[in-house]
Amino acid sequence: MMENVLRVGIIGAGGIAEAVHIPNYLKHSNKVKIVAIADVVKDNAEKMANAFDINHIFTSYEEMLDTINLDAVSVCTPNKFHANATIAALQAGCHVICEKPPAMTVAEAEQMAETAKQYGKILTYGLSFRHTPEVGALKRFIDADELGEIYAARVHAIRRRGIPGWGVFTNKELQGGGPLIDIGVHMLDTALYLMGYPEPDTVFGVTYQKLGNQKGVGLAGEWDWKNFTIEDMARGMITFTNGASIILESAFAANTEKHDEMSVSLMGENGGADVFPLKMYQEKHETLIDITPSHLPIKDNYELQMERFIACCLNGEQPISTADQGVSLQKIINGLYESAEKGEAIKLTPAQVR
Ligand SMILES: NC(=O)c1ccc[n+]([C@@H]2O[C@H](COP(=O)([O-])OP(=O)(O)OC[C@H]3O[C@@H](n4cnc5c(N)ncnc54)[C@H](O)[C@@H]3O)[C@@H](O)[C@H]2O)c1
């Protein structure tokens, strides 16, 4: 019998649970045991339990949380169920890592953050790009003031024909939106993290549905173009109370040269940077210089994300991605969608001091 073992439950036995959460917990089998898995589709839970030797399967996460004594939970469902599953797990006394985006609405993200505080449990999100070596290295340069005040950023998450042909990614009711909430969220969060998560002030967004609702070349499988209820492109501008601004573009399909662009560019008073790949720009001794790392540590960002979560649960480390930042992120995303719908800029409400 292992002592001080983290007893983990998985909610949602789909792609991300199989590729990221479960295998990375299993790398720490000396201190983590995946005890149970819940999925509304019994077959999915059963397949995953058989493949990874998980003892208990459930078709309801409520039943799993009522029946099994767990310390930590991974929430890996479609976005619509993130909030309820997370809140239930926190109330059952579990630490939670919930997949991105935090939720569907700001009210949900706020309730998730409040519940974590109320129950004194960790709530972190699968914002995996924060754990990349590029972001880690650039953060150290930024903390050493190499960029100075960062006042402008550009965020791109743009695929040429990358509409997911699996899961429910083209279903607005279950996901809350399209590329903005699914992949834009990663690059937006990366920029916000590196900028110190400034308080958002006003957002102005536009969305398009031009390519996704008709048959076309599918580089990420054949998608359900007949039931395509999301935007295929979102664009927007975000201003912050400190005067900074971000310009964002995100698309599952757009007529661009590159097939897949995930990039963040930062512009500060002392320097600028492109993050993927990492390159920095400065002016020194009357010379414009570029700084390129010739070596960065190679470790899978998903592996680091799960390692950090385990360390938070077992050793009291603090998560790199916090529940309050999740609220801020959700405000921007939902604000951009609201702005696109209304055709006008939206002034966001300031964060409540909790
Ligand atoms: N961090 C990343 O890079 C990354 C990558 C892919 C997906 N994700 C996120 O992970 C989540 C899941 O995506 P996926 O690709 O694994 O989807 P998926 O469709 O492969 O799997 C989702 C699973 O959840 C199950 N499910 C649905 N409702 C449920 C409920 N109420 N209770 C329990 N199970 C339920 C489904 O039956 C399915 O098995 C999404 O929020 C997505 O945004 C993150």
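Indexing begins at 1, ligand by ligand and atom by atom, following the structure's order. Along the sequence shown, the residues carry numbers beginning at 1. Remember, it's a predicted structure, so these values are computed and weren't measured experimentally.
Counting non-hydrogen atoms of other residues, nucleotides and ligands closer than 6.0 Å to CD of E341 gives a total of 12 or fewer. R235 CZ: 12 or fewer foreign heavy atoms inside a 6.0 Å radius. The neighbour count for K27 NZ, taken as heavy atoms of other residues, nucleotides or ligands under 6.0 Å away, is above 12. Heavy-atom contacts from other residues, nucleotides or ligands closer than 6.0 Å to CD of E222 number 12 or fewer.
There is a side-chain donor-acceptor pair under 3.5 Å between E231 and Y337. At a cut-off of 3.5 Å, with distance as the only test, no side-chain donor of K47 or N44 sits close to an acceptor on the other residue. For the residue pair S74 and Y25, a side-chain donor N or O sits within less than 3.5 Å of a side-chain acceptor on the partner.
A donor-acceptor pair under 3.5 Å is formed between the side chain of R160 and the backbone N or O of E257. With hydrogens and angles disregarded, no donor-acceptor distance shorter than 3.5 Å links the side chain of T77 to the backbone of G12. Although no hydrogens or angles enter the test, the distance criterion places no donor-acceptor pair under 3.5 Å between the side chain of N315 and the main chain of E317.
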Would Y61 and F81 count as a ring-ring contact (aromatic ring centres under 6.0 Å, His included) here? Give the steps. CA-CA 11 Å; Y61 63 78; F81 312 104; 8.3 Å; no
Yes or no on side-chain hydrogen bond (donor to acceptor under 3.5 Å, both in side chains) for D201 and T241, after CA distance, side-chain angles and deciding distance? CA-CA 5 Å; D201 182 66; T241 55; over 6 Å; no
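Scanning the protein heavy atoms around atom 21 (O) of ligand 1, the nearest turns out to be G14 CA, 3.2 Å. For atom 27 (C) of ligand 1, the nearest non-hydrogen atom of the protein is P78 CD, 3.4 Å. V40 CG1, 3.7 Å is the protein heavy atom nearest to atom 30 (C) of ligand 1. Remark: minimum distance from atom 1 (N) of ligand 1 to any protein heavy atom is reached at E99 OE1, 3.1 Å.
At a heavy-atom cutoff of 4.0 Å, ligand 1 is contacted by both the backbone and the side chain of K100. Contact annotation for V168 and ligand 1: no heavy atom of the residue comes within less than 4.0 Å of the ligand. The part of C76 lying near ligand 1 is the backbone, judged by heavy-atom distances below 4.0 Å. With a 4.0 Å heavy-atom cut-off, ligand 1 is reached by the side chain of N44 but not by its N, CA, C or O. Counting heavy atoms under 4.0 Å from ligand 1, residue F169 touches it through the side chain alone.
For the pair G15 and ligand 1, the shortest N or O to N or O distance falls below 3.5 Å. Between I16 and ligand 1, a contact under 3.5 Å exists for at least one N or O pair. Where the criterion is an N or O separation shorter than 3.5 Å, residue side chain and backbone included, Y61 fails it with respect to ligand 1.
Ligand 1 places these atoms under 4.0 Å from at least one heavy atom of S128: 1 (N), 3 (O). Less than 4.0 angstrom separates some heavy atom of Y302 from each of these atoms of ligand 1: 1 (N), 2 (C), 3 (O). When each atom of ligand 1 is checked for a heavy atom of V41 under 4.0 Å away, the hits are 37 (O). Proximity to G126 (heavy-atom distance under 4.0 Å) selects the following atoms of ligand 1: 1 (N). Per-residue contacts place D182 under 4.0 angstrom from the following atoms of ligand 1 (heavy atoms of the residue considered): 43 (O). Close contacts of ligand 1 with G167, meaning ligand atoms under 4.0 Å from a residue heavy atom, involve 19 (O).
Ligand 1 has H82 within reach: a non-hydrogen atom of the residue lies less than 4.0 Å from it. A heavy-atom separation below 4.0 Å is found between H186 and ligand 1.
When the heavy atoms of D39, V75, T77 are ranked by distance to atom 36 (C) of ligand 1, first place goes to D39.
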